[in-house]
Amino acid sequence: QVQLAESGGGVVQTGDSLRLSCAASGRTSSTYALGWFRQAPGKDREFVVAVPWKDDKIYYADSVKGRFTISNDNAENTVYLQMTNLKPEDTAVYYCAADPYGPLSTTLNRYDYWGQGTQVTVSA
């Protein structure tokens, strides 16, 4: 089993920055990649970004390219999501998820382990 714990959410204004963290514990060595997804009120959960633990390949959703940056600290089993130039449409609950197998995917059902989520609210 893998446990994921997100932190760093909050309420910010348009144009502000925020950094989310996802700390992984348990059998992290059995996971291939970590990803971030988000779910806005009344909408489906959508892919944001994903990164393998041991590769430089990264997938970003088009809506966040150039504004969001993912990085991983393998020693700490932690993945960070640096979000800049935030917009009201970025308002959502952000979830960290782990994919045990790979290859790197943007598909929600490829991720077996999920955190509880952290709320990000961007006011206009």
Side-chain angles (χ1 to χ4, degrees):
Q1 288 290 325
V2 176
Q3 294 79 42
L4 303 171
E6 304 97 334
S7 61
V11 179
V12 296
Q13 295 184 335
T14 297
D16 284 351
S17 300
L18 206 58
R19 189 178 80 158
L20 306 182
S21 300
C22 173
S25 59
R27 296 186 63 184
T28 56
S29 61
S30 65
T31 58
Y32 173 78
L34 283 191
W36 286 95
F37 292 77
R38 66 186 182 185
Q39 188 166 17
K43 295 189 177 181
D44 293 335
R45 194 169 298 188
E46 65 176 9
F47 171 78
V48 176
V49 60
V51 62
W53 282 114
K54 300 178 180 178
D55 198 336
D56 293 335
K57 189 172 187 179
I58 299 175
Y59 287 164
Y60 287 98
D62 288 342
S63 58
V64 306
K65 278 181 183 177
R67 300 188 299 122
F68 290 12
T69 303
I70 193 170
S71 60
N72 55 347
D73 183 336
N74 289 346
E76 297 294 329
N77 289 331
T78 300
V79 171
Y80 301 98
L81 181 62
Q82 179 68 48
M83 305 185 294
T84 63
N85 191 21
L86 283 161
K87 305 175 181 180
E89 51 264 42
D90 295 317
T91 294
V93 178
Y94 283 70
Y95 296 91
C96 179
D99 174 5
Y101 306 116
L104 197 62
S105 174
T106 64
T107 305
L108 186 147
N109 61 13
R110 290 282 304 278
Y111 292 77
D112 288 354
Y113 304 103
W114 292 83
Q116 293 298 308
T118 185
Q119 177 71 47
V120 172
T121 302
V122 185
S123 60

Is the backbone of Leu104 close enough, under 3.5 Å, to the side chain of Arg110 for a donor and an acceptor to pair up by distance? no
Indicate, with yes or no, if Trp53 and Val51 share a hydrophobic cluster defined by side-chain heavy-atom contacts under 4.5 Å among Ile, Leu, Val, Met, Phe, Trp and Tyr. yes
Heavy atoms of Thr78 and Ser21 approach each other most closely as CG2-CB, 4.5 Å
Correct closest heavy-atom pair for Gln39 and Lys43 would be NE2-O, 3.1 Å
Say whether Val48 and Tyr59 are linked into one hydrophobic cluster, either directly or through other cluster members, by side-chain heavy-atom distances under 4.5 angstrom. no
For Ser17 and Val12, the nearest pair of non-hydrogen atoms, with its separation, is O-CG1, 4.3 Å
Is there side-chain contact between Leu34 and Asn72, with at least one heavy-atom pair below 4.5 Å? no
Distance-only, no hydrogens or angles: does the Thr14 side chain make a donor-acceptor pair with backbone N or O of Ser123 under 3.5 Å? yes
Crowding at CG, Asn74 (>12 non-hydrogen neighbours, <6.0 Å): yes
Could you tell me whether a side-chain N or O of Glu6 sits under 3.5 Å from a main-chain N or O of Cys22, the two making a donor and an acceptor? no
To the closest 0.5 Å, what do you measure between OG1 (Thr28) and CD (Gln3)? 9.5 Å
Under 3.5 Å, side chain of Asp16 to main-chain N/O of Leu86, donor-acceptor pair present? no
From CA spacing to verdict: side chain to side chain contact (heavy atoms under 4.5 Å, CB included), Leu20, Phe68: CA-CA 11 Å; Leu20 306 182; Phe68 290 12; over 6 Å; no
Should Ile70 and Phe47 be counted in the same cluster of Ile, Leu, Val, Met, Phe, Trp and Tyr side chains packed under 4.5 Å apart? no
Test: Arg45 cationic atom under 6.0 Å from Phe37 six-membered ring centre, within 45° of axis: no
Contacts of Ser30 that satisfy side chain to side chain contact (heavy atoms under 4.5 Å, CB included) - sequence neighbours left out: Val2, Arg27
Atom pair CZ (Arg19) and OG (Ser7), whose distance is rounded to the nearest 0.5 Å: 8.5 Å
Please report the interatomic distance CH2(Trp36) to OH(Tyr60), rounded to the nearest 0.5 Å. 12.5 Å
What I want to check is whether the side chains of Thr121 and Gln119 have a donor and an acceptor closer together than 3.5 Å. yes
Is there a path of hydrophobic side-chain contacts, each under 4.5 Å between heavy atoms of I, L, V, M, F, W or Y residues, that connects Tyr32 with Trp114? yes
Could you measure the distance from the CE atom of Met83 to the CG atom of Leu18? Nearest 0.5 Å is fine. 4.5 Å
Is Asn109 atom CG crowded by more than 12 heavy atoms from other residues, nucleotides or ligands, each under 6.0 Å away? yes
Does the Tyr111 side chain pair with the main chain of Ala33, one donor and one acceptor, at a distance under 3.5 Å? no
Listed pairs under 3.5 Å, donor-acceptor, residues 88-102 side chains, sequence neighbours left out:
unit_1, atom_1, unit_2, atom_2, d
Asp90, OD1, Arg38, NH1, 2.9
Asp90, OD1, Arg67, NH2, 2.9
Asp90, OD2, Arg67, NH1, 2.7
Asp90, OD2, Arg67, NH2, 3.4
Asp90, OD2, Lys87, N, 2.8
Thr91, OG1, Pro88, O, 2.9
Thr91, OG1, Val122, N, 2.9
Thr91, OG1, Val122, O, 3.4
Tyr94, OH, Arg38, NH1, 2.9
Tyr94, OH, Asp90, O, 2.6
Asp99, OD1, Tyr101, N, 3.0
Asp99, OD1, Gly102, N, 3.4
Asp99, OD2, Gly102, N, 3.4

